[in-house]
Amino acid sequence: MSNSFDDIPFFDEEPEPAPRKAPAPPPAGNAGLGIAARAMAARDQHRAPDYLSGLNPEQREAVETLDGPVLVLAGAGTGKTRVLTTRIAHILETGRAFPSQILAVTFTNKAAREMKERIGVLVGGAVEGMPWLGTFHSIGVKLLRRHAELAGLRSDFTILDTDDVIRLIKQLIQAEGLDDKRWPARQFAGMIDTWKNKGLLPADIPEGDARAFANGKGRELYAAYQARLKTLNACDFGDLLLHPIAIFRQNPDILKDYHNRFRYILVDEYQDTNTAQYMWLRLLAQRPKGVPQNVCCVGDDDQSIYGWRGAEVDNILRFEKDFPGARVIKLERNYRSTEHIIGAAGHLIAHNEGRLGKTLFTDRVNPDDEKVIVHAAWDSEEEARAVGEEIERLQRGDSDGKKHALNDMAILVRASFQMREFEDRFVTLGLNYRVIGGPRFYERMEIRDAMAYFRLVCQPADDLAFERIINTPKRGLGDTTVRYLHDYARARDIPMLQAAADIIETDELKPKARKALFDVVQSFRNWSQKLENTPHIELSEQILEESGYTDMWKNDKSAEAPGRLENLKELIRSMEAFESMRGFLEHVSLVMDAEQNEDMDAVSIMTLHSAKGLEFETVFLPGWEEGLFPHQRALDEGGRAGLEEERRLAYVGITRAKRRCHIWFVSNRRIHGLWQSTMPSRFLDELPQMHVDVAVADTNYGGYGGGRGGYGQSRFDKADPFANTYSTPGWKRAQQNKTDATRDNWGTRSGHAVERIGYGESGPRGRTIEGELVAKSTTETPSQFSVGDRVFHIKFGNGNIAAIEGNKLTIDFDRAGQKRVLEGFVERV
DNA sequence: GAGCCGTTATTTTTT
DNA sequence: ATAACGGCTC
């Protein structure tokens, strides 16, 4: 990726690169014998193309089918990235196109980076980094910088992050005279995001959506937001796709230029594309009749896990219709995992409908390979303890004599709150771990503040940056002054910094405020002047010093302050890799991740979502319980489709494992501070017995599995390894109740309630009626208990009720102390 | 402008 | 339980 938009040559100026080996490529349209012959000649000229050797026949077909649309359905671990990179190498080596004529799109910066590296290895350093290899968004920016004026922007427009967007929307909501509490800006930002994912501009949004927000002013608000972005000379992430789409549609000549340019288009993770990305791609892939559309999309419908943020699996399912004559190549030979892991994952995912249908296989079968092991634990604490023990066992090499590195192990959770218990446990054990995901470097407050200073220096019209730091550190420029500045600027349609400069010439402000503002304006003038001729590192340090920002944290006595100062230093350090401040800002707005420390040997803890694309020798999958996984909310909001996406998530989880996969479920989990009994996930039932073992009790209290004899017992039990697990009354009832839709918030399934306290057919619980949650809290329903009652809880034992609020009981337990539990989980004794 | 208190939500995450 | 946010008071 380029570090700065300054150094991207504009379209017309871009020099044709000197041919590397082959003569200038002929137009893509003239595909035929000539090209094939030439390609072969090119291939023969420089040795055997060793990059092709070692590919299996399907991979090779995917690499060598260069003309016309190709869909590569690449199952987990089948060498997807290899195909993609080799294909690009092949295009380049055969002289079919120059690097600048290949458009290659990924979703994440990480994927883009990886691809670049691997192509470099294949083709050799001689080929310039491909200018059009990047994420949808980074390519979108590049396009938009070139044609900004067609979208009503200047080419130095700012890219707003989510935080800026929310603040901006909040202002608009207030400006409309609406109650910003009743209509949360965050929610509207989410709606806009959803609309933009679908490619909808204010005029296009459904009437229902428009009415649902801001007293029916949804559409106006969206339009006002877009207008405000334009005056701010700014874009949100969605605009990076939508503006280019609009430009292409309104300027056929420009689109045609790009058609001529991009001889080959490649898309990674096609199953994750949303409608806007799809539209963008269709526009660029269009060709006149008879000219082959050299589009190659790679993806796996079984790994589509981002439906909730607008990804349309349909895009991949529809590929053959969209691109007539498409060649569909399935990669099903898995190079990653054992037959048991593949078998387990394959059987599970087969429960989904509407798949394109791949079946992974491997012929590297080893009788020593471990099956997927399902463990039961009493509660989440025991789960963490047992996983910790297993990790230490592997580390010591107890089981197979081999000492395993922590780096080869990962714990993949459904929801991030699950991480905590593992972290706590590992801290006690002194076991190294690293959390992947979580709050990101560039999202930290101090980094955003510093960035706001830099932004304002580079782009004096950046009002959002102005408002962020005008009184940080405190300068006595409070709400009143800022509001005044804001109104003044809006009235004259000038940036706030300009307004500030104007106002200090007058005597509108009180002397104190005026002086403070004067100083700020002077500082920014000074810094802006230095922008061009001072090294940006130096200037950045100077800004943070002179503004008093560093001092602010030096004087702060809170525990975080030293860390924040450290982060600021890190920020400056990370700027060294860039040529200019602008280049750095551009990078950060698109690349929000910072490097992870990989020197340490540590267990990785992350969500299933962030595990996609990774692999580990050993994978632990805790929390396979109904309500958590599949997640209740996915079921409530997504219905059957939601369930299938959860199942794909499970599939992704299992297929991350190369050799060992341990799945866990617990009988009790604390959710929102309340202990809940839980049932094993239905996904466990969907695993094939031949590839799965149920672990014998890991501890004395081993929950469902516990009834089952001690160590003498073989895991390879004859009959039904699930017999214990699934023959409990609760599970059977759960099976019956599956269809009843009698669940409210997770955990309070009527099935369980019935079991524990013997309600009649209809417990006084919330019911799901037509997807709407009714009677979520049962405040109106008189509790069946009274204060002072003696009750029994399955985890905490006996106790006395101390207080009752709705269906929540506060109980003084004899042994466990005071806890709050749902009344469904205790019974009178 | 800091500190206190009540309210609220609490799946997943990129760019 | 718990953290984060917003509004209020001093």
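None of the values given here were measured: they were computed from a predicted structure. In the text below, chain A, chain B and the rest are named by the order of the sequence lines, each starting its count at 1.
- Counting only N and O atoms by type, the side chains of A/Thr472 and A/Asp449 include no donor and acceptor under 3.5 Å apart.
- Of the N and O atoms on the side chains of A/Glu625 and A/Ser681, not one donor lies less than 3.5 Å from an acceptor on the other residue.
- Between A/Asn197 and A/Gly310, the shortest heavy-atom distance links the atoms OD1-CA, 4.4 Å.
- Judged by closest nucleotide on DNA chain B, A/Arg475 is the one of A/Arg475 and A/Ser589 placed further toward the 5' end.
- When the P atom is used for both C/dA4 and B/dT11, the distance is 15 Å, rounded to whole Å.
- The side chain of A/His631 lies closest to B/dT11, out of B/dT15, C/dT2, B/dT11.
- Listed candidates were B/dT15, B/dT11, B/dA2. Nearest to the side chain of A/Arg633 is B/dT11.
- Screening A/Thr135, A/Asp268, A/Thr273 for a side-chain contact (heavy atoms from CB on, under 4.5 Å) involving A/Phe107 leaves a single residue, A/Thr273.
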Give me, pair by pair, the N or O atoms of the protein and of nucleotides 12-14 of chain B that are less than 3.5 Å apart, along with how far apart they are.
{"unit_1": "B/dT12", "atom_1": "OP1", "unit_2": "A/Ser416", "atom_2": "N", "d": "2.7"}
{"unit_1": "B/dT12", "atom_1": "OP1", "unit_2": "A/Ser416", "atom_2": "OG", "d": "2.2"}
{"unit_1": "B/dT12", "atom_1": "O4'", "unit_2": "A/Arg414", "atom_2": "NH1", "d": "3.2"}
{"unit_1": "B/dT12", "atom_1": "O2", "unit_2": "A/Trp308", "atom_2": "NE1", "d": "3.3"}
{"unit_1": "B/dT12", "atom_1": "O2", "unit_2": "A/Arg414", "atom_2": "NH2", "d": "3.2"}
{"unit_1": "B/dT13", "atom_1": "OP1", "unit_2": "A/Thr607", "atom_2": "OG1", "d": "2.4"}
{"unit_1": "B/dT13", "atom_1": "O4'", "unit_2": "A/Arg309", "atom_2": "NH1", "d": "3.4"}
{"unit_1": "B/dT14", "atom_1": "OP2", "unit_2": "A/Arg440", "atom_2": "NH2", "d": "3.2"}
{"unit_1": "B/dT14", "atom_1": "O4'", "unit_2": "A/Arg309", "atom_2": "NH2", "d": "3.4"}

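- The separation of C/dC5 from B/dT12, taken at their P atoms, amounts to 16 Å, rounded to a whole angstrom.
- In this entry the distance linking CG of A/Asp163 with C1' of C/dC5 reads 13 Å, nearest Å.
- Nucleotide B/dT10 holds its P atom 16 Å from the CD atom of A/Gln676, rounded to whole Å.
- Checking A/Gln459 against A/Asp462 by side-chain atom types alone, no donor-acceptor pair falls below 3.5 Å.
- Heavy atoms only, all atoms of each residue included: A/Gln418 and A/Ala415 are closest at OE1-N, 2.8 Å.
- Using a 4.0 Å heavy-atom cutoff across all strands shown, A/Asp236 reaches no nucleic acid atom at all.
- In this model, no donor atom of one side chain and acceptor atom of the other lie less than 3.5 Å apart for A/Asn352 and A/Asp302.
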For nucleotides 6-10 of chain C, list the nitrogen or oxygen atoms of the protein found under 3.5 Å from its nitrogen or oxygen atoms, one pair per line.
none

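- A straight line from CD of A/Glu626 to P of B/dT11 spans 17 Å, rounded to a whole angstrom.
- Taking atom CG on A/Asp272 and atom P on B/dT15, their separation rounds to 12 Å, with Å as the unit.
- With 3.5 Å as the limit, one finds a donor-acceptor pair spanning the side chains of A/Glu269 and A/Gln271.
- For A/Trp183 and A/Phe188, the ring centers sit 6.0 Å or farther from each other.
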